[in-house]
Peer 1: 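Okay, here's the structure, questions in a sec.
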Amino acid sequence: MSLSREFELWVEKYRPKTLDEMVNQREIVERLKRFVETKTMPHCLFAGPPGTGKTTAAHCLAHDLFGEGYRENFLELNASDERGIDVIRTTVKNFARSATLTDVPFKILVLDEADNLTADAQQALRRTMEKYTDTCRFILSCNYSNRIIEPIQSRTAIFRFTPLSFEDTYVYLRRICDAEGVELTEDGAQAIYEVAEGDLRKAVNTLQAVASLGKPITADGVYDVVGWVHPKEVAEMMDYALKGEFSKSRSLLRILLYQRGYAGSDIVKRMHSRIFDLDISEKQKIELINYLGEVDFRIAQGADEEVQISAFLARLVLAGRGSS
Amino acid sequence: MTIPWIIKYRPRRVEEVVGNEDSKKKFIEWIESWIKGKPTYKAALLYGPAGTGKTSLVEATARTYGYDLVELNASDQRSEAIIKRIVGIAACQGTLTGAITKRIILLDEVDGMSEEDRGGLKAILEVLEKSHQPIVLTANDAWDPKLASLRSVCLMIEFKRLKQWEVVKKLRDICLREGIEADKEVLEFIAKRSEGDLRSAINDLQTVAQGRKKITIDDVKWLPYRNRTEPIFDVLSMIFNAKTISTARRALSLIDMDPDMIFEWIYENAPSQLTDPRDLAIAMENLARADMVRSRVKLFQRWDLLAFATEMMSGGVAVAREATKPKWTPFHFPERIKFLSSIREEREIMESIASKIASRCLTSKRTIISDVIPYILFILRNNPDYGIKLLKSYELTNPEVEFLKRKAEVTAVEAPRKRSRSTRS
């Protein structure tokens, strides 16, 4: 129906289809394979950073259990895209009502980014999970398991996904490059790993962007992409703050967050790497780093990205005055 | 190009005028006394708050009963001579041409006449006595001492603030005719915010709804209060100048506003109020902490924590002031809210693009926007042919592709930086 697969995003095109194709998270994959063998599984909680294979593992598991047409017995919802727990509840109800036509006695429902649900919504979800437990297994995925309420944690088997090692990342990148006829240099692969930090989605996106230049994948190419993907406004925003122009600085932050759509945690990461280049004392740098770490943590806890980063910018204003 | 809805939906007939039924009846009876040739009063003074239908009623009545309307607005010159000439001619000339033209003379906002217009008021009184046509005066405040002599010769008709349901009903009518879907809750919010002023309610509705098919509570939640009293300014001024935490905290109770919105006001204005960097840093940190508590309240439904959030956002800002000298600086509306609404269209296109890609990449729209689109923009910029084919395979429409192409062109590029040292923690 669509155009040839030649023009797909590689994160989609080369996503593992079966558990055997997954090269990372070996212990997890082994446990999931046992679910397939016994045709039985508990509710699961997949916890871990982005791009470590949580959703992919759920799809692979369903594929191996139900076969090619697994999507008839498999439903994926994203908590951050759905409108409230009521929508989720109704969808679950309709999905779980009908029995499967396979020899597997249950269906699978994946709820991604479940840690974005409020505690109330999670309570409601818990009740829904119990109600349909005969016909439906839930796989919840989240970045932070501490944001999942205890009653859910205690009712699920928890799987902790970890950032990919260089070796695992390399295997994936090599597989793609061989299939696409792209030359991957050793330092190119190393550079991709360095910027992706174990996030395979980021690694593969970077690879595809560099490859679109039509040249071998080198470290320089990777840094070109990184320099481009990382917004220039971060540096400008910090410079304004250091010059004491807080309001201008905050306006740029708004552009980054709302117009460019960058995640607060990405902006924090960029600011972090720039602190070392600032013309302030080492003591001030360590204070800023300390504070930025706090900001990062609070954002992960669900605080307002703009307000938290603004508080850091106000610290930068203070540091800037101290240095001049 | 776009007609203001307050004009487009101005009542044509008396029955269409919203609310104040008793006042309407009183006014119509008075006009009918003119029609019968036995006017009870030469003039009527319609008074009450803005947007309660005074002028609309006069206009609709003129139309319904076949009168020409001669109008003098507050903005017009009202010197004695001008009033005498215009009003005098309009009021007395009725039978000169033979054919009888019926006219209503409307003098809007007579309480707005200045001291220099004193002669104007005197002229009105003189014209009133001789008039053969009904004269209608309107005022917000009829009890202004300078209007005392007018009050004694006019039929006084009071207009009250409209009831919420009356405003809602009218707003719903407009939505129906504009083909806009809006919940009762949304219209009630606008109505409540208007404080019985239909004109401002319709203006607000047009601001948020024009050109859209559906409006939700999120679209209207941030509608600014009108400038009638602007109680938030007093609240802010109290907080930024409070000497004690309890004073600052008390300020919050002076206003009926969502705490999140009060937070926005404080957070927006802190930099301009606290110009000393140390003061600002402390205030921002306390606001950030208030925000953290606030998010916990929502995430864990711990309403008992809310008190800490409100104290940190009020008292935490009050105690931050040490080096900043007191100086009057105007407060301004939260820029973040304005900014978000100004880029809403852009965000909607982005959402639509992201949802097409998200379903096939098995992730959320948010992740697509922050983690995938930037790479797509890079590809679009450096290898447009390939980039466009890529996007087409995700069934993006041409305008969507064009949107991303423009974005790729304007995105600022960070100067390539070799990694001279590892920057990972």
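Convention: sequence-line order gives letters A, B, ...; per-chain numbering from 1.
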Peer 1: Would you mind checking which part of B:Asp276 comes under 4.5 Å of any heavy atom in chain A, side chain (CB onward), backbone (N, CA, C, O), both or neither?
Peer 2: side chain
Peer 1: With respect to chain B, which residue among A:Ile255, A:Ile309, A:Val110 yields the maximal number of heavy-atom pairs within a distance under 4.5 Å?
Peer 2: A:Ile255
Peer 1: I'd like to know if the side chain of B:Asp291 and the backbone of A:Asp304 have a donor-acceptor N/O pair within less than 3.5 Å.
Peer 2: yes
Peer 1: Rounded at 0.5 Å granularity, tell me how far OG in B:Ser370 sits from CG in A:Leu257.
Peer 2: 11.0 Å
Peer 1: Could you check if a side-chain atom of B:Pro271 sits within less than 4.5 angstrom of a side-chain atom of A:Arg250, using non-hydrogen atoms only?
Peer 2: yes
Peer 1: Between A:Thr206 and chain B, which part of the residue has a heavy atom less than 4.5 Å away: side chain, backbone, both or neither?
Peer 2: both
Peer 1: Working to the nearest 0.5 Å, report the span between CD of B:Glu264 and CD of A:Glu306.
Peer 2: 7.0 Å
Peer 1: Most heavy-atom pairs under 4.5 angstrom with chain A, which of B:Thr367, B:Leu362, B:Ile379?
Peer 2: B:Leu362
Peer 1: Is a side-chain N or O of A:Gln308 found less than 3.5 angstrom from the main chain of B:Ala288, in a donor-acceptor match?
Peer 2: yes
Peer 1: Looking at B:Tyr386, B:Phe339, B:Phe263, B:Tyr267, which makes the most heavy-atom pairs under 4.5 Å with chain A?
Peer 2: B:Tyr267
Peer 1: Nearest 0.5 angstrom please: A:Glu8 CD to B:Lys389 NZ, how far?
Peer 2: 15.0 Å
Peer 1: B:Pro277 and A:Val317: which non-hydrogen atoms are nearest, and at how many Å?
Peer 2: CB-CG1, 3.9 Å
Peer 1: For B:Ser364 and A:Glu113, test the side chains for any donor-to-acceptor distance below 3.5 angstrom and give the result as yes or no.
Peer 2: yes
Peer 1: Tell me whether B:Lys405 at atom NZ has more than 12 heavy atoms from other residues, nucleotides or ligands lying less than 6.0 Å away.
Peer 2: no
Peer 1: Below 4.5 Å from any heavy atom of chain B, which atoms of A:Ser310 appear? Answer side chain, backbone, both or neither.
Peer 2: both
Peer 1: Check each atom of B:Arg294 against the heavy atoms of chain A and say whether the ones under 4.5 Å are side chain, backbone, both or neither.
Peer 2: side chain
Peer 1: Only one of A:Val204, A:Asn205, A:Val11 passes side chain to side chain contact (heavy atoms under 4.5 Å, CB included) with B:Tyr375; say which it is.
Peer 2: A:Asn205
Peer 1: Should the pair A:Arg254-B:Glu268 be classified as a salt bridge under the 4.0 Å nitrogen-to-oxygen rule?
Peer 2: yes
Peer 1: Is B:Glu348 atom CD crowded by more than 12 heavy atoms from other residues, nucleotides or ligands, each under 6.0 Å away?
Peer 2: yes
Peer 1: Give, as side chain, backbone, both or neither, the part of A:Gln123 having an atom under 4.5 angstrom from any heavy atom of chain B.
Peer 2: neither
Peer 1: Are there over 12 heavy-atom neighbours, none belonging to B:Phe308, within less than 6.0 Å of that residue's CZ?
Peer 2: no
Peer 1: Do side-chain atoms of A:Arg15 reach the backbone of B:Cys361 as a donor and acceptor pair under 3.5 angstrom?
Peer 2: yes
Peer 1: If I measure from the heavy atoms of chain A, does B:Leu340 come under 4.5 Å with its side chain, its backbone, both, or neither?
Peer 2: side chain
Peer 1: Are any of the side-chain heavy atoms of B:Ile369 and A:Tyr262 separated by less than 4.5 Å?
Peer 2: no
Peer 1: Could you look at A:Ile299 and say if it's the side chain, the backbone, both or neither that has a heavy atom under 4.5 Å from chain B?
Peer 2: neither
Peer 1: Return the CE to CZ distance between B:Met284 and A:Phe312, rounded to the nearest 0.5 Å.
Peer 2: 13.0 Å
Peer 1: Is it the backbone or the side chain of B:Arg278 that comes under 4.5 Å from a heavy atom of chain A, or both, or neither?
Peer 2: both
Peer 1: Using a cut-off of under 4.5 Å on heavy-atom pairs, state which of B:Ile282, B:Leu287, B:Leu391, B:Asp371 scores highest against chain A.
Peer 2: B:Asp371
Peer 1: Any side-chain to backbone donor/acceptor pair from B:Tyr394 onto A:Leu9? Under 3.5 Å, distance only.
Peer 2: yes
Peer 1: Rounded to the nearest 0.5 Å, what separation is found between the CZ atom of A:Phe7 and the CD1 atom of B:Ile388?
Peer 2: 11.5 Å
Peer 1: As an exercise: rank A:His59, A:Gln301, A:Arg315 by heavy-atom pairs under 4.5 Å with chain B and give me the winner.
Peer 2: A:His59
Peer 1: For the candidates B:Ser272, B:Ser295, B:Ala270, which exhibits the highest count of non-hydrogen atom pairs separated by less than 4.5 Å from chain A?
Peer 2: B:Ser295
Peer 1: Please rank B:Lys298, B:Met292, B:Arg336 by heavy-atom pairs under 4.5 Å with chain A and give me the top one.
Peer 2: B:Arg336
Peer 1: Check whether any side-chain heavy atom of B:Thr363 sits under 4.5 Å from a side-chain heavy atom of A:Glu76, and report yes or no.
Peer 2: no
Peer 1: Answer yes or no: is there an ion pair linking B:Arg366 with A:Glu305, defined by an N-O contact shorter than 4.0 Å?
Peer 2: yes
Peer 1: Under 4.5 Å from any heavy atom of chain A, what part of B:Ile373 do you find: side chain, backbone, both or neither?
Peer 2: neither
Peer 1: Would you mind checking which part of B:Ile343 comes under 4.5 Å of any heavy atom in chain A, side chain (CB onward), backbone (N, CA, C, O), both or neither?
Peer 2: side chain
Peer 1: Rounded to the nearest 0.5 Å, how far does OG of A:Ser212 lie from CG of B:Asp385?
Peer 2: 11.5 Å
Peer 1: Any donor-acceptor pair under 3.5 Å linking the side-chain atoms of B:Glu346 with those of A:Tyr258?
Peer 2: no
Peer 1: Apply the side chain to side chain contact (heavy atoms under 4.5 Å, CB included) test between B:Phe378 and each candidate in A:Leu213, A:Val226, A:Val210; give the one that qualifies.
Peer 2: A:Leu213
